Number of protein chains: 2
Amino acid sequence: MAQPMQRPLAGRPESRGERKERTRRAILDAALALAGETSLVALSLRQVAKEVGIVPTAFYRHFDSIEALGMALVDESFVSLRAMLRDIRRGDPAFSDVVDRSITILVDHVHQQRSHFLFIARERAAGPPAVRDAIHHEIELCERELATDLARLTATAPWSAEDLRILSNLIVMAMVATAESIMNAPPRPDAEKAIIETARAQLRMVLVGALNWQSRT
Amino acid sequence: MAQPMQRPLAGRPESRGERKERTRRAILDAALALAGETSLVALSLRQVAKEVGIVPTAFYRHFDSIEALGMALVDESFVSLRAMLRDIRRGDPAFSDVVDRSITILVDHVHQQRSHFLFIARERAAGPPAVRDAIHHEIELCERELATDLARLTATAPWSAEDLRILSNLIVMAMVATAESIMNAPPRPDAEKAIIETARAQLRMVLVGALNWQSRT
DNA sequence: AGTTTGAGTGAACGTATGTTCACTCAAATC
DNA sequence: GATTTGAGTGAACATACGTTCACTCAAACT
């Protein structure tokens, strides 16, 4: 698994910046893979360096510490997550299959960017404080975005900002839990199918609850 | 913080078993405290020993490994969690304030057994595989218990087992998320009050959804 | 009273850790 | 073509790690 960092055997000579970027990527990928098996807080600089195929000191040319690396991984992981949200938003939300479609897209993205979603789910709870805070902040932003989306959908009978916040928070936490279930599940397709159907039913249940909701605020 | 393990200055001479139990408890407490700041997977045997005030080798008289210690902490933590569930079940579920009361009890227990709930929430995502699996298994049992409680409550218009499973899963995940929010929140009482009110509204929303639910199974 | 038991000790081991420093040597700049 | 720059090297450091082993010595058992 540990590859020495060397020029790709074929191909034109690499510029200095290109080489640096390639090493940086290799570090990020190695850290993502290693953290996927334990956690950032159990990850050592030397482990990462060995996996990348560089000497430990070379690590410092790219990051000040494992924690700084972690912050970069937060940014990167939320690029994946936001790509998913964009995909979900792309469809017509008026169609009755929003729920089914949204869950399908969620599951697809969790598979395609497994390590990013795993990183978010795990380090959200166990990462170094700065990483945890950054993740929570990003999730909060997602909740706010969802709230404005929902506000647009319910423009005819507008809800209070507070109710929108509460509903968004509930939906996001359900989606996070669903993503976690998918990642923890055995790769058997029937096990996954069951999680998907559960998640869909739950999301529908939440929406039914929200539509029959009498605010008390 | 690191106290040498020695006989309490006052008090009758300790039996051999009592002394062993006292050291064992000290190890569990130290591990719980240290894991509360990072995670089990970032916890070293020597750190725990130093915190307890024993020599590293003495650790082996009580546990084979940090992971075995973790499994003991799972058992212990779920004793706290089940005590909470018992407290919640104690009240009359027919009263209309089940939701308010349940959330209050949840929050109280999270405060009184903070380290246990923190352990469950964190190691559920980041612990060693055996610990993660044990925690997920226990949570699944809680979901099943909740499902049978709900079945009893809805005996007049019985739901399908599948719908009960789906609803229980949703409620438990919302409670887990609420507990996490409480533990992550600043200790300011108004911040906590907001989380509590959100959790209550969400739980009510879910129940409204469930009551207006048309099963498709 | 004499013997056994077992929690806790302390030294020692090989290995892994983060960080420092002086270095190389090819690409980038002049 | 000469000079500067900076990613990556390799040795060295103090410290921490898990585990081994032979040990003590007081409580428990005979």
Side-chain angles (χ1 to χ4, degrees), chain A residues 1-9 11-31 34-35 37-72 128 130, chain B residues 1-9 11-31 34-35 37-72 128 130:
Chain A
M1 192 59 67
Q3 298 290 357
M5 278 304 295
Q6 56 191 8
R7 270 180 49 199
L9 294 173
R12 72 176 194 304
E14 244 176 343
S15 93
R16 215 146 150 158
E18 284 169 338
R19 160 115 210 215
K20 176 160 189 181
E21 183 50 33
R22 195 161 60 87
T23 308
R24 190 186 139 93
R25 265 254 56 82
I27 292 175
L28 289 166
D29 290 343
L34 292 172
E37 290 175 357
T38 52
S39 160
L40 254 195
V41 293
L43 198 58
S44 82
L45 186 155
R46 288 180 107 103
Q47 243 178 97
V48 176
K50 179 176 282 185
E51 178 84 4
V52 173
I54 58 176
V55 99
T57 39
F59 177 93
Y60 292 111
R61 298 285 178 195
H62 302 273
F63 301 99
D64 279 349
S65 62
I66 290 286
E67 182 174 319
L69 206 196
M71 295 301 279
Chain B
M1 194 56 68
Q3 299 289 357
M5 278 305 295
Q6 56 192 6
R7 268 181 51 197
L9 294 174
R12 72 176 195 304
E14 244 176 341
S15 91
R16 217 149 147 152
E18 284 170 337
R19 160 113 211 219
K20 176 158 189 183
E21 184 49 33
R22 197 161 57 87
T23 308
R24 190 187 139 93
R25 265 255 55 81
I27 292 175
L28 290 165
D29 289 343
L34 292 172
E37 290 175 355
T38 51
S39 161
L40 255 194
V41 292
L43 198 58
S44 81
L45 185 155
R46 289 179 106 104
Q47 242 178 98
V48 175
K50 179 176 279 184
E51 179 84 5
V52 173
I54 58 175
V55 100
T57 39
F59 177 92
Y60 291 111
R61 296 285 179 196
H62 302 272
F63 301 100
D64 278 349
S65 62
I66 290 287
E67 184 174 318
L69 207 196
M71 295 301 280

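Please read all numbers here as calculations on a predicted model, not as lab measurements. Every chain is numbered from 1, with letters handed out A, B, ... down the list of sequences.
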Does [X] have a side-chain nitrogen or oxygen under 4.0 Å from the phosphate oxygens OP1 or OP2 of [N]?
X	N	answer
A/Thr23	D/dG8	yes
B/Ser15	D/dA27	no
A/Thr57	D/dT9	no
B/Gln47	D/dA16	no

Protein-nucleotide distance ([X], atom [atom1]; [N], atom [atom2]), rounded to Å:
X	N	atom1	atom2	answer
A/Arg24	D/dA7	CZ	C1'	14 Å
B/His62	C/dG8	NE2	P	4 Å
B/Ile27	C/dG8	CD1	C1'	11 Å
A/Ile66	C/dA16	CD1	C1'	14 Å
B/Leu45	D/dA16	CG	C1'	12 Å
B/Glu21	C/dG8	CD	C1'	16 Å
A/Glu18	C/dA26	CD	P	18 Å
B/Leu34	D/dC17	CG	P	11 Å

Problem set entry | Closest-nucleotide 5' rank along DNA chain D - winner of B/Pro56 and A/Arg46 | A/Arg46
Exercise. Do the non-hydrogen side-chain atoms of B/Arg24 and B/Phe63 ever get within less than 4.5 Å of each other?
Worked result: yes
For this session: Hey, could you give me the OG1/CD distance between A/Thr38 and A/Gln47, rounded to the nearest 0.5 Å?
Result: 6.5 Å
Exercise. Taking all non-hydrogen atoms of both residues, which atom of B/Ile66 and which atom of B/Ser44 are closest, and how far apart?
Worked result: CD1-C, 4.0 Å
Exercise. What are the two closest heavy atoms between A/Ala31 and A/Leu69, and how far apart are they?
Worked result: CB-CD1, 3.5 Å
Exercise. From D/dT19, C/dT9, D/dA26, pick the nucleotide closest to the side chain of B/Tyr60?
Worked result: D/dT19
Problem set entry | A/Ala42 backbone acceptor or donor facing A/Ser39 side chain under 3.5 Å | no
Seminar exercise, completed: Result for 5'-nearest mapping on DNA chain C, choosing between B/Arg16 and A/Arg61, is B/Arg16
